[in-house]
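Heads up, the thing below is written out as C-alpha coordinates.
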Amino acid sequence: MSSAKLFGTHIDHNLKWEENVKQISASCYRTLVILKKLRIFVPFHIRKQLVQALVLSKLYYNCVVYHNLPHSLVKRLQRIQTACASFVVGKFVKSEDIIKLSWLRVKEHIEWQLLKVVHKAIFSPEWPGYLRLKQFKHNRTLRSSAAMQLEIPLVSHIYQDQAAKSFNILPEHVRNCIDFNQFSKMTFKLLMKKVKDNLSA
(Lines give C-alpha, C1' and ligand atoms only; values in the text may rest on other atoms or scores of the structure.)
Protein backbone atom coordinates (compact mmCIF):
# COMPACT_ATOMS: atom_id res chain seq x y z
CA MET A 1 0.00 0.00 0.00
CA SER A 2 1.55 3.31 -1.11
CA SER A 3 -0.74 5.49 1.04
CA ALA A 4 -3.06 5.19 4.02
CA LYS A 5 -6.10 7.20 5.04
CA LEU A 6 -5.91 8.61 8.56
CA PHE A 7 -8.67 10.88 9.91
CA GLY A 8 -9.73 11.71 6.36
CA THR A 9 -6.22 12.56 5.14
CA HIS A 10 -4.30 10.38 2.69
CA ILE A 11 -0.70 10.00 3.86
CA ASP A 12 1.82 8.78 1.30
CA HIS A 13 4.59 6.41 2.36
CA ASN A 14 7.08 9.06 1.14
CA LEU A 15 5.17 11.80 3.02
CA LYS A 16 4.22 13.48 -0.24
CA TRP A 17 0.78 14.98 -0.79
CA GLU A 18 -0.08 14.25 -4.44
CA GLU A 19 -2.47 11.42 -3.52
CA ASN A 20 -4.19 13.49 -0.85
CA VAL A 21 -4.71 16.41 -3.25
CA LYS A 22 -5.96 13.96 -5.89
CA GLN A 23 -8.55 12.54 -3.48
CA ILE A 24 -9.62 16.01 -2.31
CA SER A 25 -10.02 17.17 -5.90
CA ALA A 26 -12.10 14.15 -6.91
CA SER A 27 -14.41 14.50 -3.91
CA CYS A 28 -14.88 18.26 -4.34
CA TYR A 29 -15.59 18.05 -8.06
CA ARG A 30 -18.11 15.22 -7.55
CA THR A 31 -20.03 17.43 -5.12
CA LEU A 32 -19.81 20.43 -7.44
CA VAL A 33 -21.31 18.42 -10.31
CA ILE A 34 -24.37 17.71 -8.16
CA LEU A 35 -24.65 21.29 -6.93
CA LYS A 36 -24.52 22.69 -10.46
CA LYS A 37 -27.78 20.87 -11.22
CA LEU A 38 -29.41 22.97 -8.48
CA ARG A 39 -27.86 26.31 -9.44
CA ILE A 40 -30.86 27.78 -11.26
CA PHE A 41 -33.20 26.91 -8.37
CA VAL A 42 -31.37 28.58 -5.49
CA PRO A 43 -30.41 32.23 -4.89
CA PHE A 44 -26.89 33.60 -4.52
CA HIS A 45 -26.62 33.43 -0.72
CA ILE A 46 -27.85 29.82 -0.64
CA ARG A 47 -25.37 28.83 -3.35
CA LYS A 48 -22.60 30.39 -1.29
CA GLN A 49 -23.68 28.58 1.88
CA LEU A 50 -23.98 25.25 0.06
CA VAL A 51 -20.55 25.42 -1.53
CA GLN A 52 -18.92 26.52 1.72
CA ALA A 53 -20.52 23.72 3.70
CA LEU A 54 -20.23 20.89 1.16
CA VAL A 55 -17.12 21.68 -0.90
CA LEU A 56 -14.83 24.19 0.77
CA SER A 57 -15.10 22.27 4.04
CA LYS A 58 -13.50 19.31 2.22
CA LEU A 59 -10.92 21.53 0.54
CA TYR A 60 -9.71 22.99 3.83
CA TYR A 61 -10.09 19.90 6.01
CA ASN A 62 -6.83 19.10 7.84
CA CYS A 63 -5.01 21.63 5.64
CA VAL A 64 -2.62 22.49 8.49
CA VAL A 65 -1.19 18.97 8.22
CA TYR A 66 -0.02 19.61 4.65
CA HIS A 67 0.63 23.35 4.98
CA ASN A 68 3.96 23.20 3.15
CA LEU A 69 2.57 22.13 -0.24
CA PRO A 70 4.58 22.67 -3.43
CA HIS A 71 3.27 25.40 -5.72
CA SER A 72 1.91 22.92 -8.28
CA LEU A 73 -0.38 21.29 -5.71
CA VAL A 74 -1.54 24.64 -4.33
CA LYS A 75 -2.56 25.58 -7.88
CA ARG A 76 -4.65 22.40 -8.14
CA LEU A 77 -6.46 23.25 -4.93
CA GLN A 78 -6.88 26.84 -6.06
CA ARG A 79 -8.66 25.64 -9.20
CA ILE A 80 -11.22 23.94 -6.96
CA GLN A 81 -11.87 27.16 -5.06
CA THR A 82 -12.16 29.05 -8.35
CA ALA A 83 -14.73 26.51 -9.58
CA CYS A 84 -16.67 27.02 -6.34
CA ALA A 85 -16.66 30.78 -6.83
CA SER A 86 -17.84 30.34 -10.42
CA PHE A 87 -20.74 28.22 -9.16
CA VAL A 88 -21.73 30.90 -6.64
CA VAL A 89 -21.40 33.88 -8.99
CA GLY A 90 -22.72 32.07 -12.05
CA LYS A 91 -19.87 33.00 -14.39
CA PHE A 92 -16.14 32.54 -14.93
CA VAL A 93 -14.32 34.31 -12.09
CA LYS A 94 -10.93 35.86 -11.43
CA SER A 95 -9.06 36.32 -8.16
CA GLU A 96 -10.80 39.66 -7.60
CA ASP A 97 -14.19 37.93 -7.66
CA ILE A 98 -13.04 35.40 -5.06
CA ILE A 99 -12.01 38.26 -2.76
CA LYS A 100 -15.47 39.85 -3.16
CA LEU A 101 -16.93 36.65 -1.68
CA SER A 102 -14.81 37.32 1.46
CA TRP A 103 -12.75 34.21 0.78
CA LEU A 104 -9.02 34.06 1.21
CA ARG A 105 -7.22 32.31 -1.62
CA VAL A 106 -6.16 28.75 -0.80
CA LYS A 107 -2.54 29.55 0.05
CA GLU A 108 -3.52 32.35 2.44
CA HIS A 109 -6.38 30.34 3.90
CA ILE A 110 -3.98 27.54 4.83
CA GLU A 111 -1.67 30.12 6.41
CA TRP A 112 -4.63 31.52 8.37
CA GLN A 113 -5.55 28.08 9.68
CA LEU A 114 -1.91 27.51 10.65
CA LEU A 115 -1.79 30.79 12.58
CA LYS A 116 -4.95 29.87 14.50
CA VAL A 117 -3.37 26.57 15.51
CA VAL A 118 -0.24 28.49 16.59
CA HIS A 119 -2.34 30.75 18.81
CA LYS A 120 -3.92 27.74 20.51
CA ALA A 121 -0.50 26.14 20.96
CA ILE A 122 0.68 29.28 22.78
CA PHE A 123 -2.31 30.39 24.82
CA SER A 124 -4.88 27.58 25.14
CA PRO A 125 -4.69 25.78 28.51
CA GLU A 126 -6.26 22.69 26.87
CA TRP A 127 -3.43 22.40 24.34
CA PRO A 128 -1.14 19.42 25.10
CA GLY A 129 2.05 20.55 26.78
CA TYR A 130 4.29 18.38 24.61
CA LEU A 131 2.94 20.11 21.48
CA ARG A 132 3.50 23.67 22.64
CA LEU A 133 5.76 25.96 20.63
CA LYS A 134 8.92 27.37 22.18
CA GLN A 135 9.04 31.11 22.78
CA PHE A 136 12.22 32.95 21.91
CA LYS A 137 14.07 34.27 24.96
CA HIS A 138 16.05 37.48 24.56
CA ASN A 139 19.38 37.69 26.35
CA ARG A 140 18.86 41.38 26.98
CA THR A 141 15.77 43.45 27.65
CA LEU A 142 14.96 45.22 24.40
CA ARG A 143 12.01 47.23 23.16
CA SER A 144 11.28 44.42 20.69
CA SER A 145 11.33 41.82 23.48
CA ALA A 146 7.93 43.07 24.67
CA ALA A 147 6.36 41.35 21.66
CA MET A 148 6.10 37.58 21.76
CA GLN A 149 8.34 35.70 19.34
CA LEU A 150 8.66 32.00 18.65
CA GLU A 151 11.92 30.10 18.42
CA ILE A 152 12.74 28.97 14.89
CA PRO A 153 14.02 25.37 14.93
CA LEU A 154 17.15 24.27 13.10
CA VAL A 155 15.17 21.84 10.95
CA SER A 156 13.30 23.63 8.17
CA HIS A 157 10.03 22.77 6.37
CA ILE A 158 8.41 21.30 9.47
CA TYR A 159 5.36 22.53 11.40
CA GLN A 160 7.38 24.30 14.11
CA ASP A 161 9.50 26.08 11.50
CA GLN A 162 6.60 27.34 9.38
CA ALA A 163 4.54 28.21 12.46
CA ALA A 164 7.32 30.34 13.97
CA LYS A 165 8.11 32.15 10.71
CA SER A 166 4.44 32.95 10.00
CA PHE A 167 3.80 34.10 13.57
CA ASN A 168 6.95 36.20 14.00
CA ILE A 169 6.22 38.47 11.04
CA LEU A 170 2.83 39.49 12.45
CA PRO A 171 2.54 43.01 13.90
CA GLU A 172 3.38 43.26 17.58
CA HIS A 173 -0.18 43.93 18.77
CA VAL A 174 -1.41 40.84 16.90
CA ARG A 175 1.26 38.56 18.36
CA ASN A 176 0.40 39.76 21.87
CA CYS A 177 -3.36 39.25 21.43
CA ILE A 178 -4.56 36.63 23.91
CA ASP A 179 -8.19 36.44 22.77
CA PHE A 180 -8.52 33.76 20.09
CA ASN A 181 -11.53 35.26 18.29
CA GLN A 182 -9.91 38.67 18.09
CA PHE A 183 -6.64 37.12 16.89
CA SER A 184 -8.54 35.20 14.21
CA LYS A 185 -10.24 38.36 12.94
CA MET A 186 -7.01 40.39 12.90
CA THR A 187 -5.01 37.74 11.05
CA PHE A 188 -7.83 37.26 8.53
CA LYS A 189 -7.78 41.01 7.77
CA LEU A 190 -4.00 41.02 7.45
CA LEU A 191 -4.01 38.10 5.04
CA MET A 192 -6.88 39.58 3.04
CA LYS A 193 -4.90 42.81 2.73
CA LYS A 194 -1.89 40.78 1.62
CA VAL A 195 -3.97 39.16 -1.13
CA LYS A 196 -5.36 42.51 -2.31
CA ASP A 197 -1.91 44.12 -2.32
CA ASN A 198 -0.52 41.24 -4.41
CA LEU A 199 -3.36 41.57 -6.90
CA SER A 200 -2.88 45.32 -7.28
CA ALA A 201 0.93 45.09 -7.56
Side-chain angles (χ1 to χ4, degrees), residues 3 6-21 24 59-78 81 95 99 103-201:
S3 67
L6 181 64
F7 298 115
T9 300
H10 293 264
I11 301 176
D12 186 90
H13 69 288
N14 290 320
L15 293 182
K16 297 184 180 296
W17 297 108
E18 283 83 358
E19 180 63 24
N20 188 58
V21 170
I24 291 172
L59 181 62
Y60 301 142
Y61 180 72
N62 269 356
C63 63
V64 174
V65 175
Y66 51 89
H67 64 276
N68 197 29
L69 283 178
H71 180 65
S72 59
L73 295 184
V74 174
K75 285 180 66 176
R76 288 180 64 179
L77 296 180
Q78 184 58 58
Q81 190 194 52
S95 295
I99 300 305
W103 294 351
L104 291 168
R105 291 185 306 186
V106 170
K107 181 179 179 181
E108 286 76 20
H109 187 93
I110 293 175
E111 185 176 358
W112 183 46
Q113 295 300 328
L114 176 66
L115 285 170
K116 290 193 290 183
V117 170
V118 171
H119 188 277
K120 292 180 180 180
I122 297 171
F123 295 110
S124 175
E126 287 83 22
W127 194 263
Y130 64 92
L131 291 177
R132 291 196 178 276
L133 299 170
K134 292 183 179 180
Q135 296 184 33
F136 180 76
K137 303 294 183 182
H138 292 273
N139 294 326
R140 295 182 298 166
T141 303
L142 306 171
R143 289 178 60 187
S144 60
S145 63
M148 182 179 298
Q149 283 188 304
L150 296 178
E151 184 178 307
I152 298 177
L154 295 176
V155 181
S156 60
H157 304 300
I158 60 174
Y159 160 70
Q160 291 86 345
D161 170 65
Q162 190 61 49
K165 289 177 179 176
S166 296
F167 183 82
N168 288 346
I169 63 174
L170 294 173
E172 181 176 330
H173 71 283
V174 179
R175 280 181 278 155
N176 287 340
C177 179
I178 298 176
D179 183 78
F180 176 79
N181 291 329
Q182 190 64 23
F183 177 84
S184 178
K185 291 177 182 177
M186 289 192 291
T187 49
F188 183 89
K189 289 180 180 179
L190 285 170
L191 290 169
M192 184 63 78
K193 183 179 184 302
K194 176 182 174 181
V195 173
K196 293 178 179 178
D197 290 345
N198 288 339
L199 291 176
S200 61

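Side chains included, hydrogens not; waters and symmetry mates left out as well; all remaining heavy atoms used.
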Practice task
Start with the C-alpha distance between Val195 and Leu199, add both sets of side-chain angles, then the distance that settles side-chain contact (heavy atoms from CB on, under 4.5 Å), and finish with yes or no.
Solution key: CA-CA 6 Å; Val195 173; Leu199 291 176; 4.1 Å; yes
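- Checked against side-chain contact (heavy atoms from CB on, under 4.5 Å), Pro128 has the following partners two or more places apart in sequence or in another chain: Tyr130, Leu131.
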Practice task
Before giving the answer on side-chain contact (heavy atoms from CB on, under 4.5 Å), spell out for Leu170 and Phe183 the whole-Å C-alpha distance, their side-chain angles and the decisive distance to 0.1 Å.
Solution key: CA-CA 11 Å; Leu170 294 173; Phe183 177 84; 4.0 Å; yes
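- Note: Tyr60 OH to Ile24 CD1 = 11.5 Å, rounded to the nearest 0.5 Å.
- Contacts of Phe180 classified as ring-ring contact (aromatic ring centres under 6.0 Å, His included), with partners at least two apart in sequence or in another chain: His119.
- To the nearest 0.5 Å, atoms CD1 (Ile110) and CG (Leu191) are separated by 12.0 Å.
- Taken to the nearest 0.5 Å, the NE2 atom of His109 stands 11.5 Å off from the CG atom of Leu77.
- Listed by first and then second residue, the salt bridge (charged side-chain N to carboxylate O under 4.0 Å, His left out) pairs that reach into residues 180-193 are Lys193-Asp197, sequence neighbours excluded.
- Within the structure, salt bridge (charged side-chain N to carboxylate O under 4.0 Å, His left out) pairs that include any residue of residues 110-131 comprise Glu111-Lys194 (at least two apart or interchain).
- No donor-acceptor distance shorter than 3.5 angstrom exists from the side chain of Gln135 to the backbone of Leu150, with no hydrogens or angles considered.
- In terms of the side-chain contact (heavy atoms from CB on, under 4.5 Å) criterion, residue partners of Gln160 (sequence neighbours excluded) are, by chain and number, Leu133, Pro153, Ile158.
- With sequence neighbours excluded, the residues forming a side-chain hydrogen bond (donor to acceptor under 3.5 Å, both in side chains) with Asp161 are Lys165, listed by chain and number.
- His71 meets the side-chain contact (heavy atoms from CB on, under 4.5 Å) test with Lys75; sequence neighbours excluded.
- The distance from the CE atom of Met186 to the SG atom of Cys177 is 3.5 Å, given to the nearest 0.5 Å.
- Judged as a side-chain contact (heavy atoms from CB on, under 4.5 Å), and not counting sequence neighbours, the contacts of Lys16 are Asp12, Asn14, Glu18.
- With sequence neighbours left out, the side-chain hydrogen bond (donor to acceptor under 3.5 Å, both in side chains) criterion links Trp112 to Thr187.
- Between the side chain of Asp179 and the main chain of Gln182, a donor-acceptor pair closer than 3.5 Å is present.
- Applying the side-chain hydrogen bond (donor to acceptor under 3.5 Å, both in side chains) criterion to His67, with sequence neighbours excluded, gives no partner residue.
- The two residues Ile152 and Ala164 have their closest heavy-atom pair at CG1-CB, 3.9 Å.
- Using modelled atom types and a 3.5 Å distance limit, the side chains of Thr9 and Asn20 yield no donor-acceptor pair.
- In this structure, Leu115 and Ser184 have side chains that are not in contact, with every pair of non-hydrogen atoms separated by 4.5 Å or more.
- By the side-chain hydrogen bond (donor to acceptor under 3.5 Å, both in side chains) test, Asn198 is found to be paired with no residue, residues two or more places apart in sequence or in another chain being considered.
- The two residues Leu114 and Gln162 have their closest heavy-atom pair at CD2-CG, 3.6 Å.
- Salt bridge Arg175/Glu172: absent, no basic N to carboxylate O contact under 4.0 Å.
- Distance check: Gln149 CD to Phe167 CZ gives 9.0 Å after rounding to the nearest 0.5 Å.
- Distance check: Gln78 CD to Ser95 OG gives 6.5 Å after rounding to the nearest 0.5 Å.
- Closest heavy-atom contact between Leu104 and Met192: CD2-N, 3.5 Å.
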Exercise for the section: Report the C-alpha distance between Asn68 and Trp17 in whole Å, list the side-chain angles of each, state the deciding distance to 0.1 Å, and finish with yes or no for side-chain contact (heavy atoms from CB on, under 4.5 Å). Expected result: CA-CA 10 Å; Asn68 197 29; Trp17 297 108; over 6 Å; no
